[in-house]
Amino acid sequence: MADNPIAIMKWSFDRLTNVGHVVSETAARMGPGIAVAAPRHKWSRRPIQYQTMTFSQLEDKSSAIAMGLQNMGVQPGTRLALLVPPGLDFVAFVFGMFKAGVVVILIDPGMGRKNMIRCLADAHPAGMVGIPIAQLMRNVFARRFPLCRYNVVVSGKWWPGCVSAACFAQLDGSQFRAIDQTSEAPAAIIFTTGSTGPPKGVLYRHRVFLEQARQIRDHFMIEPGSVDVSGFPLFALFNCAMGTTTVFPQMDATRPADVDPLDIKDAIDTFSADQSFGSPALWNTVSRYAVDHNISFPTIRRVFTAGAPVPPHILARIRKVIHVDGEAHTPYGATEALPVASNSATVVLKETAAKTGMGLGTCVGNRFPDIRWRIIAISDDPINRISDSRELQLHQIGELIVRGAVVTDQYVTSDIANTLHKIRDGDGFWHRMGDVGYLDELDRFWFCGRKSQRVIKPQETMFTIVVEGIVNTHPQIYRSALVGVGTRGEHTPVVIAEPWPHEWSKSRARQRQLIDEILEICQSNPLTCSIRHVMLKRRLPVDIRHNSKIFREQLATWATAEIRWIL
């Protein structure tokens, strides 16, 4: 076993109870290897200069951080918010806080000041670990954070009421002694994107992080020594657990769709990366540029793209620009449960893409071995016990519920959310994903849309992904959104389409022609033939985290105002 690095990593996982200590195990086996790399300066010119940290250095720095927090009086179970941009400090502080038994509050700063302050206040932090501007926010809104007493300023020498992170660097991390903590102990509070309502804080236990890393590693056969260019900072946590180098490219993590493709290429080429994680919006931008400019990424053998349904045209371009034997994967899940299922570009392009264009939904693939799932009749009410639900047959559209080791067990900022999303089953529970769809004969889930976004007419219910898959077959349309206008139960369905940027025209005549063509497509399919209203919008509003989930609730409000004179 000692000669097999994969077996070593698997053995290490089995006996850990604190996800922070995966760094210790990895450092013991791969100490000199690069753990994290990031641009040395913000918005550098190419070739970009990177700073790196080895697994041994990450182990020492994270342990020193844990010691520093303990010296401040921070006790296991203390909630601290981490407000540090992606980079070496971010990774070191996450693992250092884990080691100290801290419950790390992680929030996307791009969700906007109002949402961020509300989410932080709802999580009741006992302190904040953040860059100076984050500490300024804490001071300005001090009334919202009455419990904050353990505050650390990062990348700053001094801030009133804070300990400087520079002081931690003087500590000897080798003297850190791990605390006695079970795998059931809380590790983090991570907020949902808020694409269908206010963001909710999800409690992550150490066992969930450990199990997620194990299942991702085993399912995709990720070996220690891989190099990942990560467009999503939290994936770095899994990378470190798997012995994978994380390279943060030069990009604004809150605007992945606007990434400069050459910055991604620079990161891939510099470190000979063999995998990359990024949202559909990021890979749409990168793959289009690569195809148009005859650029390839020959070292990349594995691409993960997730956060929203991935259009086939993106998968086709990815396959075209990576290694000839490379594959693109589309993991499916949610903040509350990940990973649940996965599909590959090969299957999508050969088997399921055409069906999506016919209105059969988006196939997210087969479930992970540990996951149990079933489709139940759609309900907007709480379901207290599994016996109160009604399981549906194959090909019947209902809501998806799941259970398994990677499924989180509670929200900590919303009791109502727990009531609406958890179903008791003996000593365990099922999680209601909030997604609707159906299972086929191959036990694959076909995603048809979000439950809260379905359009309900007097005699018919329409599902967003079903309708949009049909509309998106028009060659001039990049993406579209189905929304319901009017009273629920008496909705008027409206399609709002976003043309490809080069297809956008200010000409009323050309816009009218495009609308008529979309209506003609809708009339040709019994699933969309009742649609009478199509509107065009230059850019649909999307979430901050992935720039891929469409804010249909915002569009419904906009559409209501735009067509009220028609109705």
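Every heavy atom of this structure was used, including side-chain atoms; hydrogens, water molecules and symmetry mates were not.
The backbone N or O of Gln75 sits less than 3.5 Å from a side-chain atom of Thr78, completing a donor-acceptor pair. A donor-acceptor contact shorter than 3.5 Å is absent between the side chain of Ser155 and the backbone of Ile131. Between the Gln215 side chain and the Gln212 main chain, no donor and acceptor come within less than 3.5 Å of each other. Of the possible donor and acceptor atoms, one in the side chain of Gln250 sits under 3.5 Å from a partner among the backbone N and O of Trp43. Between the Ser226 side chain and the Ile222 main chain, no donor and acceptor come within less than 3.5 Å of each other. Checked by atom type and distance alone, the side chain of Thr362 never pairs as donor or acceptor with a backbone atom of Phe447 at under 3.5 Å. Although no hydrogens or angles enter the test, the distance criterion places no donor-acceptor pair under 3.5 Å between the side chain of Asn284 and the main chain of Ile314. Judged by distance alone, the side chain of Ser296 and the main-chain N or O of Val321 form no donor-acceptor pair under 3.5 Å. Distance alone, capped at 3.5 Å, places no donor-acceptor pair between the Asp260 side chain and the Met251 backbone. Thr17 places a side-chain N or O within 3.5 Å of a backbone atom of Gln181 that can act as its donor or acceptor partner.
A distance below 6.0 Å separates the ring centres of Phe304 and Phe220. Aromatic ring centroids of Phe232 and His546 lie under 6.0 Å apart. Ring pair Phe98/Phe209: centre-to-centre distance below 6.0 Å.
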Run the numbers on Glu327 and Arg319 for salt bridge (charged side-chain N to carboxylate O under 4.0 Å, His left out), then give the verdict.
-> CA-CA 6 Å; Glu327 183 62 283; Arg319 285 285 302 275; 3.4 Å; yes

Worked verdict on Tyr332 versus Thr330 for side-chain contact (heavy atoms from CB on, under 4.5 Å) = CA-CA 6 Å; Tyr332 165 77; Thr330 59; over 6 Å; no

Do Phe248 and Tyr50 pass the ring pair (Phe, Tyr, Trp, His ring centres under 6.0 Å) test, and can you show the C-alpha distance, the side-chain angles, and the key distance before you say yes or no?
-> CA-CA 9 Å; Phe248 290 113; Tyr50 295 86; over 10 Å; no

Step-by-step salt bridge (charged side-chain N to carboxylate O under 4.0 Å, His left out) determination, Asp435 to Lys549 = CA-CA 13 Å; Asp435 291 339; Lys549 295 179 181 177; over 6 Å; no

List the steps and the verdict of side-chain contact (heavy atoms from CB on, under 4.5 Å) for Gln51 and Leu88.
-> CA-CA 8 Å; Gln51 55 182 338; Leu88 275 61; 4.0 Å; yes

Asp258 vs Thr285, side-chain contact (heavy atoms from CB on, under 4.5 Å): CA-CA, chis, key distance, verdict | CA-CA 7 Å; Asp258 297 331; Thr285 299; over 6 Å; no

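Tested against Phe90, the residues Leu83, Leu234, Val154 include a single side chain to side chain contact (heavy atoms under 4.5 Å, CB included) partner, Leu234.
Using the six-membered ring where Trp is involved, Phe176 and His21 have ring planes that are tilted, between 30° and 60° apart. Ring-plane geometry between Phe235 and Phe238 is classed as perpendicular, the angle between the planes exceeding 60 degrees on a 0 to 90 degree scale with a lower cut at 30.
Between Arg205 and Glu211 there is no salt bridge, since none of the side-chain N atoms of the basic residue sits less than 4.0 Å from a carboxylate O of the acidic one. Between Asp89 and Lys61 there is a salt bridge, since at least one side-chain N of the basic residue sits less than 4.0 Å from a carboxylate O of the acidic one. Comment: Arg538 does not engage Glu498 in a salt bridge, judged by the lack of any side-chain N to carboxylate O separation of less than 4.0 angstrom. Here Arg15 pairs with Glu25 in a salt bridge; the nearest charged N to carboxylate O distance falls below 4.0 Å. With salt bridges taken as basic N to acidic carboxylate O contacts below 4.0 Å, none links Asp228 and Arg302.
Between Val202 and Ile189 there is no side-chain heavy-atom pair separated by less than 4.5 Å. Contact check for Thr270 versus Pro47: no side-chain heavy atoms found under the 4.5 Å cut-off. Using a 4.5 Å heavy-atom threshold, the side chains of Thr54 and Pro32 count as separate. At a threshold of 4.5 Å between non-hydrogen side-chain atoms, the residues Asn151 and Arg138 count as touching. Contact of the Arg144 side chain with the Leu120 side chain is not registered, since no non-hydrogen atoms from C-beta on lie closer than 4.5 Å.
No more than 12 heavy atoms of other residues, nucleotides or ligands sit less than 6.0 Å from atom CG of Asn294. Under a cut-off of 6.0 angstrom, the local environment of CZ in Arg255 is sparse, with at most 12 non-hydrogen atoms contributed by other residues, nucleotides or ligands.
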